[in-house]
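Quick notes on the structure that follows.
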Amino acid sequence: MAMAASTSASSPHLLLVKSSISFRHSFQCLHRLPANQSWFEAAQINNTSRSITPKSRTSPFSIKAQADAKKEDIVIIGAGIAGLATAVSLQRLGIKSRVLEQAESLRTGGTSLTLFKNGWSVLDAIGVGNELRTQFLEIQGMVIKSEDGNEMRSFNFKDEDESQEVRAVERRILLETLANQLPSDSVSFSSRLVNIQREENGETKLQLQDGSELSAKVVIACDGIGSPVAKWMGFPEPKYVGHCAFRGLGYFPEGQPFNPRVNYIYGKGIRAAYVPVSSTKVYWFVCFNSSSPGPKITDTSLLRQQTNELVRNWPADLLNIIDLTPDDTIIRTPLVDRWLWPVASPPASTGKVVLVGDAWHPMTPNLGQGACCALEDAVVLAKKLAEAVKSEAMSIEEAFRSYQDERWGRVFPLTIRANVVGTLLQWDDPLWCFVRNNIVIPKLVSLGPVLEHTNFEFEPLLTN
């Protein structure tokens with residue numbers, strides 16, 4: 001189903017300007033909150049930051065600098081998985097950062113995501129792996145069924161790779177766990193970025209929704225798929241791939257009855273899956289073809305109705321999980337990605353502004369690597385930035401180019417592979433579906449090559 005990912009390659013599009021400004025000695029090591037202390041709930045109540053009313057079409061090119069702009073060394077835009085993981089990684093290396101989040105609080109809604117061993121390696125490196133493991137089931141394997149419920153193939157992850165570790169993790173708990181590693185004043189909520197401007201001294205001017213400004217020596221953009229910073233840097237909008245997904249988190253107050261494995265169900269132009277997350281929760285999705293992304297739907301009863309219409313006669317277990325899903329966890333999202341073609345794509349950084357995670361390389365979820373790659377980005381970038389800050393071996397710009405060179409050769413092939421896998425699985429041609437169900441899956445598919453992309457090695461985050 002998928003070829004092995006390349007782990008090292010260089011991107012040839014690297015034209016950036018070096019700056020002579022150094023701030024090697026301007027950072028201080030931070031204290032860590034006690035493991036049982038949660039600061040973000042208080043921050044949601046006491047935050048006095050900024051308005052969250054959007055300005056959707058403010059120009060990013062004509063901002064008059066304010067004389068009293070607040071100075072920051074490192075600003076991270078976005079308190080999602082990539083942003084918080086980057087902040088925690090930098091903190092472990094003794095480097096302070098300021099995280100700007102446009103929402104009023106941590107965006108802890110949504111459902112779940114699957115992390116493979118590469119994601120868990122990063123979580124271990126930044127010190128939260130064991131805390132999360134205690135809350136989520138380890139997934140032992142996977143089973144593939146047709147829409148009528150017939151089993152076509154099953155696999156055990158440990159049989160293919162003894163070191164493999166797979167768990168579905170609630171997004172809310174992951175974000176809260178990461179946030180609690182940071183000092184309580186690290187994240188500024190209701191801080192929507194509306195303008196960005198490069199200054200003559202090499203710093204970057206950031207204007208927020210309320211008109212206040214920050215002047216940052218380094219900007220790390222972790223602002224997601226629709227990243228305004230990526231747009232400012234010349235990246236095109238992510239491309240819709242032709243299918244959408246309903247997602248939800250089923251709740252079983254008396255305990256869910258399923259074995260710890262991923263259950264895939266393949267139909268004609270529709271596929272679904274469900275996987276236990278914890279003793280009481282089960283994550284599910286239904287992916288379907290659609291010629292356009294369609295309008296945004298916020299009516300949860302309509303979302304549930306549309307989901308049930310797609311899989312009306314599918315296995316009863318799936319239908320029961322959907323029925324037991326709270327309304328506030330059901331979402332519908334169009335799937336998009338961005339292919340980072342050599343030469344044609346802008347570089348991942350310009351000056352001292354750099355992209356991380358979905359802001360740079362959004363990919364479809366067909367390999368379960370979107371969040372994993374964002375976590376990988378975080379530790380790789382943090383390590384290289386720390387080396388530049390603490391030594392004169394390389395400049396900040398050189399550190400960012402090194403980050404791009406290392407990461408491009410991994411994320412570009414994964415983005416393409418995830419797209420191809422999704423396209424093949426979404427085909428609705430009856431002949432192809434017959435071949436898939438009777439030949440390809442039962443006789444040809446091997447799990448080993450499919451999981452090879454979860455191999456990821458990186459240097460430990462050790463404070464010098």
Side-chain angles (χ1 to χ4, degrees), residues 1-5 7 112-121 133 136-169 245 247 250 256-268 270-279 281-287 311 314-318 321 363-373 413-414 417-427 432-456:
M1 293 173 64
M3 297 174 61
T7 57
S112 176
L113 52 94
T114 303
L115 295 177
F116 289 81
K117 69 176 183 180
N118 51 327
W120 288 103
S121 294
R133 283 186 180 93
F136 303 107
L137 300 175
E138 182 169 7
I139 307 305
Q140 304 298 324
M142 58 185 283
V143 59
I144 305 173
K145 299 178 181 180
S146 60
E147 61 188 280
D148 58 9
N150 290 328
E151 183 174 321
M152 297 185 286
R153 193 78 177 273
S154 64
F155 300 94
N156 185 295
F157 291 137
K158 298 292 187 183
D159 289 344
E160 303 293 334
D161 177 0
E162 291 184 358
S163 65
Q164 188 58 251
E165 181 177 6
V166 185
R167 298 173 196 265
V169 175
R247 297 182 174 97
Q256 55 85 9
F258 303 104
N259 292 324
R261 61 183 186 179
V262 186
N263 297 267
Y264 290 105
I265 308 170
Y266 294 156
K268 299 179 178 67
I270 304 174
R271 58 191 160 109
Y274 59 91
V275 56
V277 176
S278 65
S279 60
K281 295 180 180 180
V282 179
Y283 167 67
W284 60 267
F285 73 79
V286 175
C287 189
V311 295
W314 285 37
D317 284 344
L318 173 65
I321 295 168
M363 65 180 69
T364 55
N366 300 300
L367 298 178
Q369 287 298 298
C372 290
C373 282
L414 278 176
R417 186 173 307 141
N419 183 292
V420 171
V421 168
T423 299
L424 291 175
L425 293 177
Q426 289 298 132
W427 276 359
W432 156 248
C433 291
F434 176 84
V435 172
R436 178 196 64 194
N437 291 0
N438 292 276
I439 299 176
V440 176
I441 292 176
K443 299 178 181 180
L444 300 180
V445 170
S446 175
L447 190 58
V450 176
L451 294 176
E452 192 171 347
H453 61 258
T454 65
N455 295 320
F456 171 66

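All figures in this text were calculated on a predicted structure; none of them were measured in a lab.
Under the 4.5 Å side-chain criterion, counting only non-hydrogen atoms from C-beta, Asp317 is not in contact with Asn263. Proximity of Glu165 to Leu115: side-chain heavy atoms (C-beta onward) are nowhere separated by under 4.5 Å. Using a 4.5 Å heavy-atom threshold, the side chains of Trp120 and Val169 count as touching. Using a 4.5 Å heavy-atom threshold, the side chains of Arg436 and Met152 count as separate.
What you find for Ala418 and Leu367 is that their closest heavy atoms are N-CD1, 3.7 Å. In this structure, Pro276 and Pro260 approach most closely via the heavy-atom pair CG-CA, 4.2 Å. Looking at every heavy atom in both residues, Pro442 comes nearest to Asn437 through CG-O, 3.1 Å. When all heavy atoms are compared, the tightest approach of Arg167 to Ile139 is CA-CG1, 4.1 Å. Taking both residues in full, the closest heavy atoms of Glu147 and Lys268 are given as OE2-N, 3.7 Å, listed atom of the first, atom of the second, then distance.
For Asn259 (side chain) and Arg261 (main-chain N/O), no donor-acceptor pair under 3.5 Å exists by modelled atom type. Side chain of Gln164 to backbone of Lys117: a donor-acceptor contact under 3.5 angstrom is found. In this structure, the side chain of Arg153 engages the main chain of Val445 through a donor-acceptor pair within 3.5 Å. A donor-acceptor pair is defined here as one N or O able to donate and one able to accept, closer than 3.5 Å; such a pair exists between the side chain of Trp432 and the backbone of Leu424.
The ring-ring contact (aromatic ring centres under 6.0 Å, His included) check on Tyr274 picks up Phe258, with sequence neighbours excluded.
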Tell me, with the steps shown, if Asp161 and Glu452 meet side-chain contact (heavy atoms from CB on, under 4.5 Å).
-> CA-CA 9 Å; Asp161 177 0; Glu452 192 171 347; over 6 Å; no
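If you take CZ on Arg247 and OH on Tyr283, they are separated by 4.5 Å, rounding to the nearest 0.5 Å.
Using a 3.5 Å distance cut-off with no hydrogens or angles, the side chains of Lys443 and Asn438 do not pair a donor with an acceptor.
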